[in-house]
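Numbering of ligands and ligand atoms starts at 1, following listing order.
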Amino acid sequence: MNKIILITGATSGIGLACAKKFAGHGHNLIITGRRTERLEKISVSLQQEFGIKVKTLCMDVRRKEAVFSAIESLDADWSKIDVLINNAGLAVGLNTIQEGETDDWERMIDTNIKGLLYVSRAVLPGMVARKCGHVINIGSIAGKEVYPNGNVYCGTKFAVDALTKAIRIDTVQAGIKVTQIAPGAVETEFSIVRFKGDKEKADNVYKGFEPLHPEDIADSVFYVTTLPKHVNINDLLIMPTAQASATILHKEL
Ligand code: NDP
Ligand code: 8X3
């Protein structure tokens with residue numbers, strides 16, 4: 001059966017890989033992100049390659065009113081969202097708290113926590129009314145372990161861990177599935193954003209070992225949506241084989 005999958009942050013990395021994976025299985029997509037041009041290009045190429053329908057919502061998940069009006073604007077064909085993938089997120093900076101940039105903190109808190117909440121608040125009432133739906137939150141190893149200089153990013157991902165449990169509790173009576181997928185190091189644009197465009201620093205993060213690829217995460221996101229109605233995966237922690245914990249990496253340089 002064709003489902004409607006809403007993916008936040010589908011313009012790169014894990015979100016884009018999820019879009020391709022679900023499109024490849026014939027599902028229709030609502031893809032979101034701030035970079036309009038990329039979003040439109042991706043939409044055209046997914047429709048051409050996979051013969052599915054794609055709706056683009058260009059929005060910043062931090063803008064509450066924009067999020068609510070974008071979701072409200074969906075017509076009957078699009079509003080029955082089966083799967084919400086709360087993926088949009090970022091780390092900005094890698095500093096001690098005492099030297100941290102408060103603007104970086106706001107960006108992470110507003111995107112990773114408040115953005116996830118706004119989108120969930122906009123989509124969940126429909127799922128609850130239909131007694132059907134699956135929310136998949138992209139957490140992180142950073143939401144399981146705090147590591148040096150990770151402070152606020154880790155705090156936001158610990159919040160994603162808690163909110164995943166909270167959404168599950170609040171919607172269990174409606175039969176909504178709620179899953180957290182928590183990856184270790186995945187090579188995407190994540191580190192370029194964290195290091196504010198310093199590509200050399202970003203590339204160094206993934207040197208000397210094989211990190212996860214965004215497609216590895218998309219495979220698991222897709223897998224959890226294929227299980228029978230009575231089966232829910234609560235939490236999946238997925239690491240590169242060379243990464244034993246947030247801080248222990250076996251690198252061969
Ligand atoms: P990317 O930087 O490649 O992708 C991030 C996506 O989020 C982009 O599509 C970006 O779109 C979107 N996004 C960021 N901020 C906003 C915003 N304010 N409003 C709307 N969309 C936004 O990184 P990843 O694919 O790696 O990151 C995806 C998720 O995975 C994040 O939640 C991240 O924390 C998590 N994660 C990543 C890991 C990694 O090692 N890469 C490991 C564990 C978790 P646009 O810029 O167009 O708005
Ligand atoms: C991204 C993985 O270890 O850089 O969430 O925090 S890590």
Considering only non-hydrogen protein atoms, determine which one is nearest to [atom] and report residue, atom name and distance to 0.1 Å.
atom	result
atom 3 (O) of ligand 2	Ile141 CG2, 3.7 Å
atom 4 (O) of ligand 2	Arg194 NH1, 3.4 Å
atom 7 (S) of ligand 2	Tyr147 OH, 3.5 Å
atom 2 (C) of ligand 2	Ser140 OG, 3.7 Å

N or O contact, Tyr153 vs ligand 2, cut-off under 3.5 Å: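 Between Tyr153 and ligand 2, an N or O pair is found under 3.5 Å apart.
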
Indicate whether the side chain of [X] and that of [Y] have a donor and an acceptor atom separated by less than 3.5 Å.
X	Y	result
Asn204	Lys207	yes
Ser43	Gln47	yes
Asn95	Glu101	no
Asn86	Ser120	yes
Asn149	Asn151	no
Asn87	Thr8	no

All pairs passing ring pair (Phe, Tyr, Trp, His ring centres under 6.0 Å) where residues 108-153 contributes a residue, at least two apart: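 Sorted result for residues 108-153: Tyr153-Phe190.
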
Neighbour count >12 (heavy atoms, 6.0 Å) for atom NZ, Lys144: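 Yes - once you tally the heavy atoms of other residues, nucleotides and ligands closer than 6.0 Å, there are more than 12.
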
Within the protein, residues bringing a heavy atom under 4.0 Å of ligand 1, chain by chain: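 Those residues closer than 4.0 Å to ligand 1 by some heavy atom are Gly9, Ala10, Thr11, Ser12, Gly13, Ile14, Gly33, Arg34, Arg35, Met59, Asp60, Val61, Arg62, Asn87, Ala88, Gly89, Thr111, Ile138, Gly139, Ser140, Tyr153, Lys157, Pro183, Gly184, Ala185, Val186, Thr188, Glu189, Phe190.
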
The single option from Lys196, Arg35, Lys199, Arg194 passing salt bridge (charged side-chain N to carboxylate O under 4.0 Å, His left out) against Glu189: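 Output: one option passes, namely Arg35.
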
Where ligand 2 meets Ala142 - atom numbers and elements under 4.0 angstrom, heavy-atom basis: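 So the atoms of ligand 2 that pass are 6 (O).
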
